[in-house]
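Taking it in order: structure first as structure tokens, then the write-up.
First the proteins, then the strands, lettered A, B, ... as listed; each starts at 1. These values consider heavy atoms only, across backbone and side chains, with no hydrogens, waters or symmetry-generated copies. Computed from a predicted structure; not experimentally measured.
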Number of protein chains: 2
Amino acid sequence: METARSAERQRTAAESRRRELLEAADRVVLRDGPQASMNAIAAEAGITKPILYRHFGDKGGLYRALAKRHTDALLIALRAALDAPADRRERVESTLDTYLAAIEARPQVYRFLMHPSDNADAAPSPEQGFDVGRHSAPLLRRLGEELGQVIAERVDLGPDSEQMARIWGHGIVGMMHAAGDWWLGDRPCSRERLVSSLADLLWGRLAEAGDRQGGPGF
Amino acid sequence: METARSAERQRTAAESRRRELLEAADRVVLRDGPQASMNAIAAEAGITKPILYRHFGDKGGLYRALAKRHTDALLIALRAALDAPADRRERVESTLDTYLAAIEARPQVYRFLMHPSDNADAAPSPEQGFDVGRHSAPLLRRLGEELGQVIAERVDLGPDSEQMARIWGHGIVGMMHAAGDWWLGDRPCSRERLVSSLADLLWGRLAEAGDRQGGPGF
DNA sequence: ACCAAGTGTTACTTGCGGTAACCACAGTCT
DNA sequence: AGACTGTGGTTACCGCAAGTAACACTTGGT
């Protein structure tokens with residue numbers, strides 16, 4: 001019996017099927033936003049709901065798989081910017097710009113990635129319901145953790161360096177995200193200007209700037 | 001005829017009823033999280049769904065009303081920290097600490113406020129579905145706008161000061177939010193330490209810090 | 001006494017996540 | 001050949017939550 005070969009063949013077939021489904025889901029999410037229904041996704045893929053559930057378990061599973069694809073892609077781009085041969089300021093600006101360009105190019109995808117929606121905690125935990133934290137989108141967490149690691153590796157922050165680097169990683173990512181989200185809505189200025197303003201902020205201009213006329217400044 | 005008086009009386013009665021409903025909704029959201037059902041909220045208030053809908057239109061309306069209460073409360077606390085008579089660094093730290101203390105004290109509320117969930121856009125806009133931005137929780141936007149205004153009022157940033165202040169406002173709020181969210185989950189350090197690390201970040205320590213051994217640093 | 005308006009209810013519709021049961025066809029074993 | 005098994009597919013259903021329609025009860029003004 002050729003069970004091993006045929007099993008292998010079937011497995012790769014299933015994987016490519018999975019890719020097709022993800023691409024269909026991608027199209028629908030891009031069109032309908034993050035609240036796209038499973039029915040719509042199934043229809044786009046030319047099949048029906050139960051197949052989706054066979055492949056991804058539940059909606060959270062599909063969304064997690066989808067998010068992972070995009071998050072990975074974005075992370076690769078960001079790492080490239082972070083690793084460029086240039087001085088620190090230039091690299092910070094280039095990283096900010098890479099992120100902002102990405103969300104500018106595909107706002108729907110970005111919007112989907114940031115949507116906490118169904119956190120899909122496997123723990124129903126009927127005790128005291130207080131599961132507290134874990135609200136943020138996984139993308140933010142991943143980016144923050146990643147950046148924290150990069151900072152810890154490369155910047156010397158004295159004692160407790162590693163912890164501070166993590167804090168900064170999450171903080172900087174949050175800054176980038178919130179500013180980008182706001183900018184994407186109102187478009188109050190060019191991308192370059194936003195990038196340089198944020199870099200200025202990180203470069204301590206808030207501390208250096210003088211007070212305005214009257215009263216002690218912020 | 002006493003129509004004017006009675007109308008007035010009824011109106012205030014309706015308002016106090018509304019407050020009661022909001023308090024009940026508050027309890028339920030605190031207990032069940034942001035996905036609390038309208039049925040549950042109605043039950044907690046001792047009434048049934050249609051009344052809720054009469055008062056708030058739809059779920060988004062109720063949630064918006066609820067969010068406004070908490071956002072206002074938090075904003076008042078933050079403004080107090082922002083207006084304290086102290087130097088800039090102290091005030092920044094105190095503002096960060098106020099925010100973090102608030103989310104630490106009532107994580108469920110905080111979680112609810114940050115949940116975009118149903119953005120409740122009144123515009124179905126079937127044309128080109130691309131409504132783009134507007135993903136973030138209203139709380140973040142409001143805080144960012146507010147802080148930007150405060151910065152613009154009090155700090156002298158040279159030409160284009162106002163625009164940069166807005167950018168910084170949203171950026172700083174995002175930093176605070178993301179770092180706080182992460183910290184709330186993992187609790188890797190004390191609140192004081194988080195506050196001072198974030199303030200250090202804003203004070204330009206990233207620019208000043210030296211590279212680690214080998215290679216150009218981040 | 002009667003009308004109007006506001007407060008409340010039950011019972012329904014619609015739509016979505018998720019699942020059970022069933023169908024059809026490949027290849028395999030005897 | 002013919003029964004056996006597993007895999008990709010479907011229809012039809014359940015449960016549940018948002019939102020609504022239509023109907024009842026009080027209450028104050030005329």
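- Here the P atom of nucleotide D:dC25 and the CD1 atom of B:Ile51 are 16 Å apart, to the nearest Å.
- Legend: residues meeting side chain to side chain contact (heavy atoms under 4.5 Å, CB included) with B:Ser197, ordered by chain and number and at least two apart, are A:Met164, A:Ile167, A:Trp168, B:Arg193.
- For A:Glu145, the side chain to side chain contact (heavy atoms under 4.5 Å, CB included) test picks out A:Arg166, A:His170, B:Trp182, with sequence neighbours left out.
- For A:Arg106, the side-chain hydrogen bond (donor to acceptor under 3.5 Å, both in side chains) test picks out no residue, with sequence neighbours left out.
- Here the P atom of nucleotide C:dT7 and the CZ atom of B:Arg18 are 13 Å apart, to the nearest Å.
- Listed by chain and residue number, nothing satisfies the side-chain hydrogen bond (donor to acceptor under 3.5 Å, both in side chains) test with B:Lys49 (two or more places apart in sequence, or in another chain).
- With sequence neighbours excluded, the residues satisfying side-chain hydrogen bond (donor to acceptor under 3.5 Å, both in side chains) with B:Glu93 are B:Arg89.
- Annotation: the terminal axes of the helix from C:dA1-D:dT30 to C:dT30-D:dA1 meet at 30°, where each axis is the rotation carrying the C1' atoms of four end pairs onto the next four (5 pairs per end, rounded to 10°).
- Between A:Ile47 atom CD1 and D:dT11 atom C1' there is a gap of 14 Å when expressed in whole angstrom units.
- Among residues two or more places apart in sequence or in another chain, the side-chain hydrogen bond (donor to acceptor under 3.5 Å, both in side chains) test is passed with B:Glu90 by none.
- In this model, the phosphate group of C:dT9 is approached by a side-chain N or O of B:Thr48 to a distance below 4.0 Å at OP1 or OP2.
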Under 4.0 Å protein heavy-atom contact, by nucleotide of nucleotides 14-25 of chain C - B base, S sugar-phosphate only: ---BBBB-----
Show every donor-acceptor pair shorter than 3.5 Å between a side-chain atom in residues 69-76 of chain A and any protein atom, with sequence neighbours excluded, or say none if there are none.
| from | atom 1 | to | atom 2 | distance (Å) |
| --- | --- | --- | --- | --- |
| A:His70 | ND1 | A:Leu66 | O | 3.4 |
| A:His70 | NE2 | A:Asp26 | OD1 | 3.4 |
| A:His70 | NE2 | A:Asp26 | OD2 | 3.3 |
| A:Thr71 | OG1 | A:Ala67 | O | 2.7 |
| A:Asp72 | OD1 | A:Arg142 | NH1 | 3.0 |
| A:Asp72 | OD1 | A:Arg142 | NH2 | 2.8 |
| A:Asp72 | OD2 | A:Lys68 | NZ | 2.9 |

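- Between B:Arg141 and A:Asp181 there is a salt bridge, with a side-chain nitrogen of the basic residue lying less than 4.0 Å from a carboxylate oxygen of the acidic one.
- When rounded to the nearest whole Å, the span between CG of B:Leu62 and P of D:dA18 equals 10 Å.
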